[in-house]
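The structure appears right after this line, and notes come after that.
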Amino acid sequence: MRTEAELLNILQCIMPDEMSRPLIRGRGEGGGSRRLEASVADPGAPVVGILGTGDFSRSLARRLVASGYQVVVGSRTPKRSVALFPEEAEVTSQMEAASQADLVFVAVFPEHHSTLVELKPTLAGKTLVDVSNGLRINLDGPSNAEQLADLFPESSVVKGFNTISAWTLQMGPRDGSRQVFLCSDSSKAKSSVIQLCRRMGFIPVDMGLLSSSLEIENIPLYLFPSWRVPVLCTLSLFVFFYLYNFTRDVLQPYITAGKSVFYKMPIEIVNVTLPSVALVMFSLVYLPGLLAAFLQLWWGTKYSRFPNWLDGWLTRRKQFGLCSFLCAALHAVYSLCLPMRKSARYKLLNIAFKQVKTGVEDSWVDEEVWRMELYLSVGIMALGLLSLLAVTSLPSVANTVNWREFSFIQSSLGYCALFMATVHTLLFGWNRAFDPAQYRFHLPPTFVLVLIPALAVLLGRLALFVPCVAGRLRQIRRGWEKSRHIRFTLPEDGCRNGLEDVSHV
C-alpha cells in the first residue's frame, strides 16, 4: 500500500501545471496593472473597458467577469484602486484601458466627462455606454448621454444601465429589476450592448434613438409617480373619517354629557376609520371602469378619447386597490388587538359585576350572536379575496397567468370582494341606521356614508348586466359606431372569448 505522501507526489508528476497553480492568484509585488489570463474569460468575448472606480464600476466589473468577459478598468490612480476590483479584472490607466477595450462603460459623473477629452482619439470608432444619472429631473434637455455624444462625435454613444443599482449588478439579476433600458443612434452599437446585456442575465428594452435618453435618465429620479394621487386620496379620506368619527364618538359625549372617552382615539377611532377608507378606496377601483363604459354607451363609439382625469384614474386603479388592501389589513390587525386593551377588560368586569348585582344569569341575545358571527365570517372572506387581488397584481404573479385569467380575478372576483365588503358593512350597521340616537350632532353613522359609493358601483355593475345594455356595449367594443350606421351580427354566446366583458376598460 502506498502512503498518502507518495500518492500526492504521483499526482503532482501527472498534472504539474494544474496542481501547482494557486486557487487564489497573487496581485503581484507592485499592485499595479495585471494582464488577464486566457482561461479566466471567454477568448471570443470582446474586451470591456470601464472608466471610473466607484461603487457602480466595481459591481459592474464583478458582473462582467462572472459573465465571462475580459474586463479592463481605467483609473487615474491604478495602484490605489487595484485592491477594490476582482482579481480577474485588469486595473490600469485610463488611456491604456481605452486603447485595449472594444466597448467602454463611462462610469464617471457627468460633470467630469470633460476630463476624458484627451481620450477622444483613442475612443474614436468605439462604443461608449453612458451609465450616468442627473441630480434632478430634467425636462428640457439636453441629456447627459447627448452631451457625451457631442463631446465624442466619432464614438457611438449608448445610454443604458443607469436604472440598475450597484447592488443588483453585484448580486445578479435575481435580486432586483431585470430590465435595462437602452437607446442609441447607432444600431450596431446598440446591438452589441443588447447582446452584452443578455449575457449578463438582464432583459434589454430598446427605447429607440438617443433622443430617448432624457426619458431614461429621469426614470430613477421619479418618486412613486403613479402612487401620488392614490396615497393623497387615502390620507385625505383617513383624515376626514378620523375627524368625523372623533366628532361623533368622542367630542359629542364630552360636550353633551361631560363624559370623557378620549382613550378611544388611538385604537377605536382608528379601527373605525380604516375600514371606512378601505371600502371607499375599493369602490374607487371599479368606479372609473363603469364611468368609461357609460361614456362609451353615451357616445356610441369606442374611438373617442376619455377625459384626462378619467384616463389617469383608469391607469391608477392598481394603486387604489393596494391602498385599500393596506387599510383592510390594518383594520384586521387592530380588530384582533381590541380585546388586549385595559379598557376592554374593565368593561367586561363592569358588565359582569352589574349582572351579578342585578341577578342576571343569562345575557345571551340570539340576534346579536348571529349578527356578529355573520359579520366576522363575511369580513374574513372579503379580506381573503382582497388579498388574492393584491397578490395577483404583482408583476411576478401576473406574468404566470394569461389575460383572461387575470381579468377574471381582477374583475369577477374583485366585484365579489366588493360585494362581501359591502355586506360586512351592512351587518356592522344592522338596524342602527334607523336609530335616531345614532345621529349624533345630526351626523349619520360612518357606515352610512361609506355604503353610498359601494352600492353605487354595485348597482352600476348590475345595470350593465341588462341584456340590451350589455349587447350594445359589446357591439361598441367590437367596432360598432352609432354615427356611421355600421351593421354586423355579433357572434353567438358560445363563441365569446371573454374579452368583451364590461369591466375590461
Side-chain angles (χ1 to χ4, degrees), residues 31-36 41 45-67 69-135 143-166 169-170 180 182-184 186 189-190 192-193 196-197 200 210 213 216-217 220:
S33 64
R34 310 173 305 260
R35 293 294 174 182
L36 299 166
V47 179
V48 179
I50 303 176
L51 299 180
T53 55
D55 294 336
F56 189 88
S57 302
R58 296 194 292 269
S59 301
L60 180 61
R62 290 182 182 276
R63 181 50 43 191
L64 288 170
V65 168
S67 301
Y69 284 98
Q70 303 178 49
V71 179
V72 55
V73 181
S75 173
R76 290 175 296 179
T77 55
K79 292 185 178 181
R80 188 180 64 179
S81 305
V82 65
L84 303 176
F85 287 84
E87 187 70 22
E88 295 80 3
E90 178 186 355
V91 181
T92 182
S93 65
Q94 291 182 343
M95 182 64 72
E96 187 175 353
S99 62
Q100 293 185 39
D102 304 310
L103 184 149
V104 179
F105 281 87
V106 182
V108 298
F109 290 108
E111 55 265 30
H112 301 316
H113 284 172
S114 58
T115 61
L116 306 176
V117 174
E118 62 181 10
L119 305 178
K120 185 181 297 186
T122 308
L123 294 175
K126 297 185 178 182
T127 299
L128 305 182
V129 183
D130 177 36
V131 300
S132 65
N133 282 315
L135 296 177
S143 65
N144 298 334
E146 291 173 326
Q147 294 180 22
L148 185 66
D150 293 337
L151 204 60
F152 296 89
E154 298 181 2
S155 302
S156 301
V157 176
V158 179
K159 184 67 185 184
F161 286 89
N162 63 303
T163 59
I164 300 295
S165 65
L169 284 171
Q170 188 170 357
V180 175
L182 302 172
C183 68
S184 176
S186 172
K190 185 164 54 177
S192 63
V193 179
L196 177 142
C197 183
M200 294 172 66
L210 197 64
S213 59
I216 297 177
E217 290 178 4

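Values reported hereafter were calculated over all heavy atoms of this structure, with side chains retained and with hydrogens, waters and symmetry mates removed.
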Going through the distances and angles, do Glu90 and Gln100 end up as a side chain to side chain contact (heavy atoms under 4.5 Å, CB included)? CA-CA 11 Å; Glu90 178 186 355; Gln100 293 185 39; 3.3 Å; yes

Supply the atom-to-atom distance [X] [atom1] to [Y] [atom2], rounded to the nearest 0.5 angstrom.
| X | Y | atom1 | atom2 | value |
| --- | --- | --- | --- | --- |
| Leu116 | Met95 | CG | CE | 10.0 Å |
| Leu51 | Leu123 | CG | CG | 6.5 Å |
| Leu119 | Leu128 | CG | CG | 9.5 Å |
| Tyr69 | Leu60 | OH | CG | 11.0 Å |
| Phe105 | Ser57 | CZ | OG | 10.5 Å |
| Ser184 | Leu210 | OG | CG | 6.0 Å |

So Asp130 and Val158, side chain to side chain contact (heavy atoms under 4.5 Å, CB included) or not? Walk me through it. CA-CA 6 Å; Asp130 177 36; Val158 179; over 6 Å; no

Working note: Met200 + Phe161, criterion side chain to side chain contact (heavy atoms under 4.5 Å, CB included); need CA distance, chi angles, decisive distance, verdict. CA-CA 12 Å; Met200 294 172 66; Phe161 286 89; 4.1 Å; yes

Chi angles and distances behind the salt bridge (charged side-chain N to carboxylate O under 4.0 Å, His left out) call for Lys159, Glu217: CA-CA 9 Å; Lys159 184 67 185 184; Glu217 290 178 4; 3.0 Å; yes

Nearest heavy-atom neighbours spanning [X] and [Y]:
| X | Y | answer |
| --- | --- | --- |
| Gly134 | Asn144 | N-ND2, 3.8 Å |
| Val131 | Gly160 | CG1-O, 3.4 Å |
| Ile216 | Cys183 | CD1-SG, 3.7 Å |
| Asp55 | Ala166 | O-CB, 4.1 Å |
| Val65 | Pro86 | CG2-CG, 4.3 Å |
| Asn133 | Pro220 | OD1-CG, 3.7 Å |

Look at atom CD of Glu111 and say whether more than 12 heavy atoms of other residues, nucleotides or ligands are closer to it than 6.0 Å. yes

Let's go through Thr92 and Val73 carefully: what are the C-alpha distance in whole Å and the side-chain angles of both, what is the deciding distance for side chain to side chain contact (heavy atoms under 4.5 Å, CB included) to 0.1 Å, and is it a yes or a no? CA-CA 6 Å; Thr92 182; Val73 181; over 6 Å; no

Do [X] and [Y] touch side chain to side chain, with heavy atoms closer than 4.5 Å?
| X | Y | answer |
| --- | --- | --- |
| Arg63 | Ser67 | yes |
| Phe85 | Ile50 | no |
| Val72 | Val47 | yes |
| Gln94 | Arg76 | yes |

Side-chain (Lys126) to main-chain (Ala101) donor-acceptor, under 3.5 angstrom: yes

Check: Ser192 side chain, Ala189 main-chain N or O, donor-acceptor pair, under 3.5 Å: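 Between the backbone of Ala189 and the side chain of Ser192 there is a qualifying donor-acceptor contact (under 3.5 Å).
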
